[in-house]
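Shown next, in structure tokens, is the structure this report addresses.
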Amino acid sequence: MLKFYSQIAVKIQKNPAKDKIFFQGAQKRLAVFARGWYNIHMEQSYIKGLDEHFCATYSDYVRISALEGYKRPDLIFISNDGNVARRNSELMRLSYQKDSAQLLETFKAGLYDTEFTFSFSFIPFKERIRDMRRKYTFAKVLPSLLKRYDETVESAGEKLAIEPRFWQKICKGKLYPEKNVLLALALVCRLSSTDLSNLLAVCGFTLKDDNVRDIVVGYLVEQKLFNEEMRDNCLKEYKIDCLPIKRLTA
């Protein structure tokens, strides 16, 4: 046995360069495998987190109850005092279903983007005069808000898939921004959930829990999932392609 190991040692000593190349190759293969495993694990993790949030939040009960296999809970019941009572309608959400994961997959399979719009409304003259007297408008709030994130109106516009002439008019208060523009702005400039809510409120919008796009974007902002790959995977998972985000890579 000792002789056998001695022969191996001699062979390694005779071919040190070849042995080094072998181990370097093994290390590279191991690194590629580890990176691939990590990426898959991470994707499963953050997509799972989004799925759980969606099941607990989404409240379009008409759409949910139409899913095959969905079991509608009894919301009307007789209370202990003999009166008719009603349970909270939140019990109808997917998170309360026994087969919530399967129902969510069925829901995703039937998704398609219905939020695409490309209509920038010109502000009537009277409203522009009114906006001049208002303390908070999108055009007045945006520069100072972006400054907190080391962004400018110009740098933010470069990250949005909006023609510069339209973006300039929006920032000057000559056009009203769409909700899609505000959501895209929050993702590319990494806004906090509070700043997003304030920006939406200034423009007369809110995030709605019966809207797929609003729930997904709200989750990304709240969890600070701004990494481009992770962000785009989440949007793709729920078939959201309406946001004017400029993709730097094909």
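Of all heavy-atom pairs spanning Gly218 and Leu207, the tightest one is CA-CD1, 4.0 Å. The two residues Asp209 and Ile215 make their nearest non-hydrogen contact at O-CD1, 3.3 Å. Across every non-hydrogen atom of Cys171 and Ala139, the tightest pair is O-CB, 3.3 Å. Across Leu94 and Ser100, no two heavy atoms sit closer than the pair O-CB, 3.0 Å. Nearest heavy-atom pair across Tyr58 and Arg93 is O-CG, 3.5 Å. For Ala56 against Ser95, the heavy-atom pair with the smallest separation is CA-OG, 3.6 Å.
Contact annotation: the side chain of Tyr61 approaches that of Ser89 to within less than 4.5 Å [non-hydrogen atoms, C-beta and beyond]. Leu191 is listed as a side-chain neighbour of Leu145, based on a closest heavy-atom distance under 4.5 Å. Here the side chains of Tyr46 and Asn233 are in contact, with some heavy-atom distance below 4.5 Å. Residues Lys71 and Gln97 form a side-chain contact, since some pair of their non-hydrogen atoms from C-beta on lies under 4.5 Å apart. Between Leu243 and Val217 there is a side-chain heavy-atom pair separated by less than 4.5 Å. Contact of the Lys174 side chain with the Ile170 side chain is not registered, since no non-hydrogen atoms from C-beta on lie closer than 4.5 Å. For the pair Thr137/Leu142, no side-chain contact is recorded, criterion being any heavy-atom separation below 4.5 Å from C-beta on.
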task: Give the intermediate values and the outcome of ring-ring contact (aromatic ring centres under 6.0 Å, His included) for residues Phe54 and Tyr219.
output: CA-CA 9 Å; Phe54 188 87; Tyr219 177 81; over 10 Å; no
- request: Decide side chain to side chain contact (heavy atoms under 4.5 Å, CB included) for Phe226 and Val188; before the verdict, give the C-alpha distance in whole Å, the side-chain angles of both, and the deciding distance to 0.1 Å.
  value: CA-CA 7 Å; Phe226 297 125; Val188 299; over 6 Å; no
Chi angles and distances behind the side chain to side chain contact (heavy atoms under 4.5 Å, CB included) call for Asp195, Arg148: CA-CA 10 Å; Asp195 281 335; Arg148 295 203 293 270; 2.7 Å; yes
- request: For Met92 and Ile64, run side chain to side chain contact (heavy atoms under 4.5 Å, CB included): C-alpha distance rounded to whole Å, both residues' side-chain angles, the deciding distance at 0.1 Å, then the answer.
  value: CA-CA 8 Å; Met92 295 183 66; Ile64 291 175; 5.9 Å; no
query: Hey, mind stepping through Leu220 and Cys234 against side chain to side chain contact (heavy atoms under 4.5 Å, CB included) and telling me if it holds?
result: CA-CA 8 Å; Leu220 294 177; Cys234 288; 3.8 Å; yes
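A side-chain N or O of Thr152 and one of Ser155 form a donor-acceptor pair less than 3.5 Å apart. Using modelled atom types and a 3.5 Å distance limit, the side chains of Asp51 and Tyr238 yield a donor-acceptor pair. No side-chain N or O of Thr106 forms a donor-acceptor pair with one of Tyr70 less than 3.5 Å apart. Under the 3.5 Å distance criterion, with hydrogens and angles disregarded, no donor-acceptor pair is assigned to the side chains of Asp210 and Ser59.
Atom NZ of Lys108 sits in a crowded spot, with more than 12 heavy atoms from other residues, nucleotides or ligands closer than 6.0 Å.
A salt bridge between Asp214 and Lys179 is present, with a side-chain N of the basic residue lying under 4.0 Å from a carboxylate O of the acidic one. With respect to the salt-bridge test (charged N to carboxylate O, under 4.0 angstrom), the residues Lys236 and Asp241 do not qualify. A salt bridge links Glu151 with Lys159: the distance from a Lys NZ or Arg NE/NH1/NH2 to an Asp or Glu carboxylate oxygen falls below 4.0 Å.
Taking CD from Glu178 and CD1 from Ile162, the interatomic distance works out to 8.0 Å, rounded to the nearest 0.5 Å. Asp232 contributes atom CG, which lies 6.5 Å from atom CD1 of Ile245 (distance to the nearest 0.5 angstrom). To the nearest 0.5 Å, atom CG of residue Leu104 and atom CD of residue Glu52 are 10.5 Å apart. The distance from the CG atom of Leu196 to the CD atom of Glu222 is 11.0 Å, given to the nearest 0.5 Å. Taking CG from Leu225 and CG from Leu50, the interatomic distance works out to 8.5 Å, rounded to the nearest 0.5 Å. If you take OH on Tyr149 and SG on Cys189, they are separated by 9.5 Å, rounding to the nearest 0.5 Å.
Panel note: side chain Trp167, backbone Ala156; no donor-acceptor pair is recorded below 3.5 Å.
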